[in-house]
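Keep in mind that this is a model prediction, so the values were computed, not measured. Chain identifiers are assigned alphabetically (A, B, ...) following the order of the sequence lines, protein sequences preceding nucleic acid strands; residue numbering begins at 1 within each chain.
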2 protein chains.
Amino acid sequence: MSNNHFKKGELYSFITGKASIAIARRLQKRFNTSGLNITIEQWSVLYHLWKQDGLSQQQLCNATFRDKPSITRLVDNLEKLNLVKRVPSEHDRRINLIFLTKNAQKLEEETMQIADDTLNEALRSVPPDRIEVCKEVLQIVYDNLK
Amino acid sequence: MSNNHFKKGELYSFITGKASIAIARRLQKRFNTSGLNITIEQWSVLYHLWKQDGLSQQQLCNATFRDKPSITRLVDNLEKLNLVKRVPSEHDRRINLIFLTKNAQKLEEETMQIADDTLNEALRSVPPDRIEVCKEVLQIVYDNLK
DNA sequence: TTTGATTAGTTGCACAAACAACTATATGTC
DNA sequence: GACATATAGTTGTTTGTGCAACTAATCAAA
């Protein structure tokens, strides 16, 4: 029999990550209703470039927890939207460095505010110490599996 | 400025649901290495049919937190794999009832054991009371947004 | 009983993810 | 320098998701 801490229904809920799916959908809706024409996956790439511009695609793979083909296509679509630009590295011609355009720079403040609001809405009525425990557990789960 | 409980890097981690992505990937790998030729999305549909066979597609939408086109296509692929069968309802001809085949019935025990093992691995070294807090927080997040 | 609204399911399209196979460049060893 | 190996990125294929538009069946109200 099961020796973990999940009943049947809870097991499904935990594996499928209902909570994070709900957060992602809400964030996407808020982007859409704000007239922001980007997906949350595209936003997640921009997010890391706002922290540090000019990352390579491989660095974006590590940062976003995605594989190389996924990043290739996300960068493709971001280039189509004129939000980033591939610049071949001078030192290593295998490498593309990804730079934000001015359009993308304009998006940072607004989208971060929306993300912040969405998280606040999601965590409404949850005491800070319980949020802290939750974050720590999820970090351990990630470390256990990565 | 931000008035929630997340630093920048944590915000990304929470929104993208790194922990549940890690669990899903690990489970998929275990299915693959066990020679089980199904995706975790297909498994999530079977999961609810094992609990109650003969659900409608709409009921599967609610249970799996997916929209109707997603379920249509998952059922399409499960039918191709000979794991489920669509049976039109006699009382309401709009409705398809989805029934497990014998092949799918055989999969229940093995896949549930794998899912159980995967969760135990993910939660290794996490005390039960902290798991409980985490579950409750994620449930509130879901309820806040649904 | 006809009309209008609702519900269940399907289809088309764009975007994304996982995997495998591929090209091109760089590196390390003989 | 030549060769094997590793690394960065691309492309093709299958599967899944979200949205909008659609069909078919049911229900409700006049």
Practice task
Examine the side chains of Ser44(A) and Arg66(A) and answer whether a donor and an acceptor come within less than 3.5 Å of each other.
Solution key: yes

Exercise for the section: Mind checking Thr39(A) for me? I need base, sugar-phosphate or nothing, with any heavy atom below 4.0 Å counting as a touch. Expected result: sugar-phosphate

Practice task
Answer yes or no: are there more than 12 heavy-atom neighbours, outside Asp129(B) itself, under 6.0 Å from its atom CG?
Solution key: yes

Practice task
Send over the distance from His91(A) NE2 to dT27(C) P, rounded to a whole Å.
Solution key: 12 Å

Handout entry: Integer-rounded Å distance: dG16(D) C1' and Ile38(B) CD1
Key = 15 Å

Handout entry: Helix axis bend for the helix from dT1(C)-dA30(D) to dC30(C)-dG1(D) - C1'-based end axes, five pairs, 10° rounding
Key = 10°

Practice task
Answer yes or no on whether Arg26(A) is positioned over the face of Phe31(A), meaning its NZ or CZ is under 6.0 Å from the six-membered ring centre and within 45° of the axis.
Solution key: no

Practice task
Return yes if a side-chain donor-acceptor contact under 3.5 Å exists between Ser89(B) and Asp92(B), otherwise no.
Solution key: no

Exercise for the section: Take the protein atom CG of Asp76(A) and the nucleotide atom P of dG9(D), then report the distance between them rounded to whole Å. Expected result: 13 Å

Practice task
Give a yes-or-no answer on whether the side chains of Lys80(A) and Asn77(A) include a donor-acceptor pair shorter than 3.5 Å.
Solution key: yes

Handout entry: Salt bridge Arg30(B)-Glu110(B), side-chain N to carboxylate O under 4.0 Å
Key = no

Problem - Rounded interatomic separation in angstrom, taking CD1 from Ile40(B) and C1' from dA18(C) - result: 11 Å

Problem - Lys146(A), NZ atom: more than 12 neighbouring heavy atoms under 6.0 Å - result: yes

Handout entry: Nucleotide-resolved protein contact map, nucleotides 17-25 of chain D, B/S/- at heavy-atom distance under 4.0 Å
Key = SBBB----B

Handout entry: Given dA16(C), dG16(D), dT10(D), the nucleotide with the shortest approach to the side chain of Lys68(A)
Key = dT10(D)

Handout entry: Atom-pair distance (CG on Asn96(B); P on dT11(C)), nearest Å
Key = 11 Å

Handout entry: Between C1' of dT7(D) and CD of Gln59(A), the distance in whole Å
Key = 13 Å

Practice task
Would you mind classifying the nucleic acid contact of Asn77(B) as base, sugar-phosphate or nothing, using non-hydrogen atoms under 4.0 angstrom?
Solution key: sugar-phosphate

Problem - side-chain N/O Gln57(B) vs dG9(C) OP1/OP2, d < 4.0 Å - result: no

Exercise for the section: Look at Glu79(A) together with Arg86(A) and state whether they make a salt bridge at an N to O cut-off of under 4.0 Å. Expected result: yes

Handout entry: Gap between atoms CG and P, on Leu60(B) and dG9(C) respectively (whole Å)
Key = 9 Å

Practice task
May I ask you to evaluate whether Thr72(B) reaches the phosphate of dT10(C), defined as a side-chain N or O under 4.0 Å from OP1 or OP2?
Solution key: yes

Exercise for the section: Test the Lys18(B)-Tyr142(A) pair against the cation-pi criterion, namely NZ or CZ under 6.0 angstrom from the six-membered ring centroid and within 45° of the ring axis. Expected result: yes

Practice task
Specify the separation, in whole Å, of atom CZ of Phe31(B) and atom P of dT15(D).
Solution key: 17 Å

